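Ligands are counted one by one from 1 in listed order, and the atoms in each one are counted from 1 as well. On a predicted model such as this, the values are computed, not experimentally measured, just so you know.
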Amino acid sequence: MKFTKSFDAPNPIPNEGIENAVSLMKNGMLYRYGHIDSDINFDSPDSPHAEHSEVSKLELALGQYTGHKYVVAVNSCGSAMFIALKAMGIQSNEKVFTNAFTFTAVPSSIVHANAVPIYVECNDQYVIDLKHFEKQITENPDVKYFILSHMRGHVAELDKIQQLCNEHDIRLIEDCAHGLGKRWNPNNLDNSGFVGHHCEIACYSAQSHKMLNSGEGGFIATNDEKLAAYCILAAGSYENLYKKHIARPMDDEIFENIKLEVPNFSLRMNNLTAAILRPQIALIDKRIASYKNKHNRIVEILSEIECFNIPQPVDASDHVGDSLQFNLVDFDREHVEEFVSRCAEKGVKIQIFGLDDNARDFRNWKYSFDAMPAMNKTADIISCACDLRLPITFTMEDIELLGGIISEVIEDMINLGVKISGASAK
Ligand SMILES: *Cc1c(COP(=O)(O)O)cnc(C)c1O
């Protein structure tokens with residue numbers, strides 16, 4: 001048995017996106033503010049949207065999906081988090097809480113803002129450890145910001161985190177790079193039930209490994225008009241260009257009051273990116289349904305194997321399911337590595353977060369600290385945590401094959417007498 005499909009296959013661009021992109025290239029209107037048409041009333045969100053730029057229309061469409069009033073498209077989620085911190089007024093050398101288990105773009109956005117990340121341990125459900133968060137708050141009473149990362153779609157106890165932040169005047173940003181379409185409250189089918197609504201600013205990614213794919217891309221989403229105005233200006237809107245946004249606060253005063261105080265960081269999204277993305281918004285729910293089916297089935301297959309431990313989400317909600325994380329009970333690091341290499345021989349690509357130069361291992365974020373942070377629990381968890389991508393291109397048959405191969409590898413290891421205490425095939 002050998003698996004031959006790619007584990008890195010991104011979501012394909014729908015035909016409508018390809019056609020939009022081609023017609024844009026023919027007329028060359030790639031700059032989001034390049035569109036000049038004196039008949040458009042840019043002050044009105046009801047003005048004919050067909051006349052607005054692809055980026056402006058995309059911002060409106062994303063906000064309608066996520067349930068945020070204001071959306072600003074930028075070139076990446078890392079840029080979105082950087083601008084979010086600047087909008088909140090962060091000063092040089094201020095500190096920002098963030099997850100010790102996340103992707104390097106998160107602490108990098110903090111460093112980009114001349115600030116210092118203060119890491120919070122993760123627990124064995126791959127989310128922020130609340131006890132450690134409380135301890136960090138006590139030990140670092142000067143910290144006023146928190147970028148909470150929903151790494152790999154694992155969502156911590158949002159209500160409690162929001163409450164702690166409120167009590168201690170900590171301003172919350174949610175990193176929703178893996179959170180688009182993920183419900184915190186599955187019983188709330190309104191879009192306020194999505195993650196990204198416990199914070200002041202939520203940030204999204206359209207990098208190829210995420211739900212929406214434009215290669216690169218990101219979004220800032222908020223319901224706060226002052227923060228929205230700052231983010232629009234800082235992303236690269238100068239003079240009166242903010243008027244071309246349709247997912248913006250419509251009171252021009254808010255912009256005029258701060259306009260000359262806000263740097264232009266030139267982190268805009270261009271129309272080509274937006275043209276590719278916009279038709280994908282309507283596909284999010286369909287993509288989630290497809291991911292979920294396959295995620296549920298692989299979990300079912302692997303749960304038959306005794307040594308598989310797949311953490312339950314802390315909330316009651318389902319996973320979006322574009323990847324699976326698991327631990328192998330009683331496997332030490334050496335055995336996990338052997339398991340991964342045996343899977344690789346059969347075409348199944350699994351990564352260990354805490355291995356070599358993995359960008360999801362905090363020990364590799366040396367740019368962000370002078371002394372290695374003591375995150376023993378996180379180090380323990382990621383040193384053996386396995387990560388399996390489940391691209392949209394996989395079929396149910398692929399999932400059966402994948403499950404079969406992984407089960408076989410485990411059985412082989414046990415039969416060959418690899419000494420794993422407690423592990424046996426059911
Ligand atoms: C991909 C990712 C990001 C960064 O997104 P970019 O758009 O590449 O900047 C941030 N956080 C997490 C958890 C991610 O996986």
Atoms of ligand 1 under 4.0 Å from any heavy atom of S149, numbered from 1 in the order shown, are 13 (C)
Working note: R389 + D8, criterion salt bridge (charged side-chain N to carboxylate O under 4.0 Å, His left out); need CA distance, chi angles, decisive distance, verdict. CA-CA 8 Å; R389 283 209 167 107; D8 294 314; 3.3 Å; yes
Check this for me - ligand 1, R152, N or O atoms closer than 3.5 angstrom, yes or no? no
Distance-only, no hydrogens or angles: does the S237 side chain make a donor-acceptor pair with backbone N or O of Y242 under 3.5 Å? yes
Could you list the atoms of ligand 1 found under 4.0 angstrom from a heavy atom of T102? 13 (C)
Ligand 1 to S76, heavy atom cutoff 4.0 Å, flagged ligand atoms 7 (O), 9 (O)
Does R152 count as lying over the ring of F101, i.e. NZ or CZ under 6.0 Å from the six-ring centre, within 45 degrees of the axis? no
Are side-chain N/O atoms of S208 and N213 paired as donor and acceptor at under 3.5 Å? yes
Before signing off on this row, confirm whether D175 and ligand 1 have an N or O atom pair separated by under 3.5 Å. yes
What's the spacing between C384 SG and F326 CZ if we round to 0.5 Å? 11.5 Å
Given H150, K210, H154, M81, identify the one with the heavy atom nearest to atom 2 (C) of ligand 1. K210
The atoms of ligand 1 lying under 4.0 Å from a heavy atom of S205, numbered in the order shown, are 5 (O), 6 (P), 7 (O)
Check A105 against ligand 1 and report side chain, backbone, both or neither, counting heavy atoms closer than 4.0 Å. side chain
Can you list the atoms of ligand 1 that are under 4.0 Å from a heavy atom of G217? 7 (O)
Under 4.0 Å to a heavy atom of A177 - the qualifying atoms of ligand 1, by number: 2 (C), 3 (C), 10 (C), 11 (N), 12 (C), 14 (C)
Should the proximity of H178 to ligand 1, defined as any heavy atom under 4.0 Å, be assigned to the side chain, the backbone, both, or neither? side chain
Mind checking whether L390 and L402 have side chains closer than 4.5 Å, heavy atoms only? yes
How does C77 reach ligand 1, if at all, at less than 4.0 Å between non-hydrogen atoms: by side chain, backbone, both, or neither? both
Nearest non-hydrogen protein atom, atom 9 (O) of ligand 1: G78 N, 2.8 Å
S76-E216 side chain donor-acceptor pair, cut-off 3.5 Å: no
Tell me, please, whether F353 has R360 positioned over its six-membered ring: NZ or CZ under 6.0 Å from the ring centre and within 45 degrees of its axis? no
Interfacing atoms of ligand 1 (cut-off 4.0 Å, heavy-atom, M151): 13 (C)
Side-chain donor-acceptor pair present, T104, Y367, cut-off under 3.5 Å: yes
